[in-house]
Amino acid sequence: MRLTPGPARDIDLDTVDLFDLDLYTSGDPHTVWDVMRAKAPLHHQVLPDGREFWSVTRYEDVCRVLGDHREFTSERGTVVTHLGVDDVAAGKLLTSTDPPRHTQVRRAIGTNLTARAVRSWEDRIRRAIVGFLEPLLDGETFDLAEQALLLPAMVTGPLLGIPERDWAELVQLTAMVTAPSDPHFQHGSEAATLAISHHELITYVTDWVRRRRATGDNDGSLLDHLLTARAGDAPLTDEEIALDGYSILLGANVTTPHTVSGTVQALIERPEQFARAQADPSLVPNLVEEGLRWTSAACNFMRYAVNDTDIGGGTIPARGAVVAWIGSANRDEFQFPDPHVFDIARTGAKRQVAFGFGAHFCIGAPLARLTLRIFFEELLQRFTAIELAGEVEHLRSYFIAGMTHLPIVAQKRRTP
Ligand code: HEM
């Protein structure tokens, strides 16, 4: 998705198609969302097959939809690629479960992912990132978007307890689940790609759980933690463990790489911001927040209205699907002055909602923030400049805002 929008233009919101994949591959969704926030903060679209959904684009409406489970339930599915198909994992998968069960399971899983818990992984993560940046040092063209897909596996793989030989396949499968229409990841139709990848991933985690149970091995990894965690007063079922393991794998694999690529691209386009970050490394944590806001890698999440609900100057009928456009909320001019300016010193960048809002706020946020901070610390320390070395290609997805190609070359810092 194009992250720096082109000039403002008049858009007919009655004919705009938010599910048109070309809009995200070669179009300019930010100019559409700008008009939606201004003129139709509650927007309704009917797809040619009869499925329909409502959209909210303003910051406060996005927070309300994501954050209020009494009005907007997660239990019928939260991912737009499944619009209109009730989630079979409702009440069993963390992301598709409302409180109070959600609170119990989340507490059980979350203890190993708090900021405090992940801090102990800092050295391991730094070593993985230093290794990742190594090929850039030889001055050759490096396709950051392509390579970054492997970054979470390098960083999170060992923490999850996943053997190195399985990484490449899991990266491919998680990309298929989230971008089933992208030619890089598609296997047959979109529906077939989704079905195959979903099945393979669940089977992978289920087999992993079965093997662990049989051998009794436990190396303290995140997945091992799920085997012993208790939610309420009972252990998680094997089905819950498999589904939540799947969800953690997905969450980890499909978002951080695009945040890395999108933020690096923003710095390439604005060498003065790159120089500023390099001159003052204390700005890196704010650069990370601005990068999260700017890229909004999880571009939206979905909920279903429980009852007829007034929002954004209109009404969503009971059982209606509503898409909360996070990418738009993060460019809401009432929250972020000059929202289409990328500013690593922006005041209030931390109000970004790239990790969502409320009970389902990203459980991996501390790990993602730590990974991104280390990535930019190491990048800025090693290179004096980064340039684009070819065509950028955007991911063909209306769910994940990302890139498939970002060829770059970097100039190594001279050692004293
Ligand atoms: C830049 C990186 C990331 C972004 C932008 C991101 C974004 C999000 C968003 C927007 C949600 C909210 C979903 C909702 O409201 O329905 C979420 C939830 C979640 N994320 Fe992330 N995520 C990132 C990294 C990670 C990582 C590293 C992990 C795993 C270690 C992870 C695992 C999850 C899980 C399991 C949930 C579900 C939480 C729940 O339902 O309570 N994410 N993420």
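Read the numbers this way: they start at 1 and go in the same order the structure lists the ligands and their atoms. Residue numbers start at 1 and run along the sequence shown. Atom set for the values below is all heavy atoms of this structure, side chains included, hydrogens, waters and symmetry mates excluded.
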For [X] and ligand 1, answer yes if some heavy atom of the residue is under 4.0 Å from a ligand atom, otherwise no.
{"X": "S74", "value": "no"}
{"X": "H258", "value": "no"}
{"X": "L94", "value": "yes"}

To which protein heavy atom is [atom] closest, and what is the distance rounded to 0.1 Å?
{"atom": "atom 24 (C) of ligand 1", "answer": "T255 OG1, 3.4 Å"}
{"atom": "atom 42 (N) of ligand 1", "answer": "C362 SG, 3.0 Å"}
{"atom": "atom 35 (C) of ligand 1", "answer": "I363 CG2, 3.5 Å"}
{"atom": "atom 10 (C) of ligand 1", "answer": "A354 O, 3.3 Å"}
{"atom": "atom 15 (O) of ligand 1", "answer": "R303 NH2, 2.8 Å"}
{"atom": "atom 27 (C) of ligand 1", "answer": "A252 CA, 3.7 Å"}
{"atom": "atom 37 (C) of ligand 1", "answer": "T95 CG2, 3.2 Å"}
{"atom": "atom 11 (C) of ligand 1", "answer": "F355 O, 3.7 Å"}

- Is the closest side-chain heavy-atom distance between F376 and V264 below 4.5 Å?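 The answer is yes, as the side chains (C-beta and beyond) meet within the 4.5 Å cut-off.
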
Between [Y] and [X], is there a salt bridge with N-O shorter than 4.0 Å?
{"X": "E289", "Y": "R346", "result": "no"}
{"X": "R126", "Y": "E377", "result": "yes"}
{"X": "R331", "Y": "D34", "result": "no"}

Using a 4.0 Å cut-off to any heavy atom of G356, which atoms of ligand 1 qualify?
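Answer, ordered by atom number: 10 (C).
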
| field | ligand 1 atoms in contact with S247 (distance to a heavy atom under 4.0 Å) | value |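 So the answer, numbered in order with elements, is 35 (C).
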
Quick one: do the [X] and [Y] side chains pair a donor with an acceptor below 3.5 Å?
{"X": "T193", "Y": "Q186", "value": "no"}
{"X": "R396", "Y": "T25", "value": "yes"}
{"X": "H360", "Y": "H102", "value": "yes"}
{"X": "T111", "Y": "H225", "value": "yes"}
{"X": "T73", "Y": "D98", "value": "yes"}

At under 4.0 Å between heavy atoms, is it the side chain or the backbone of [X] that contacts ligand 1, or both, or neither?
{"X": "I326", "answer": "side chain"}
{"X": "R106", "answer": "side chain"}
{"X": "L292", "answer": "side chain"}
{"X": "M302", "answer": "neither"}
{"X": "T259", "answer": "side chain"}
{"X": "F301", "answer": "side chain"}

- Message: Going by side-chain contact (heavy atoms from CB on, under 4.5 Å), Q273 matches just one of I344, I268, L287. Which one?
- Response: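 Output: one option passes, namely I344.
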
Practice task
Compute the ring centroids of F142 and F132, then answer whether they are less than 6.0 Å apart.
Solution key: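 That pair passes the under 6.0 Å test.
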
Closest to atom 32 (C) of ligand 1 by heavy-atom distance, out of G67, G291, G251, is G251

Could you work out, for atom 12 (C) of ligand 1, the closest of H360, H102, H69, R369 by heavy-atom distance?
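Nearest heavy atom to atom 12 (C) of ligand 1 lies in H360.
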
- Query: Could you give the distance from NE2 (H394) to CD1 (I400), rounded to the nearest 0.5 Å?
  - Reply: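 The distance works out to 15.5 Å.
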
Interatomic distance, CE@M36 vs CH2@W325, rounded to 0.5 Å, equals 7.0 Å

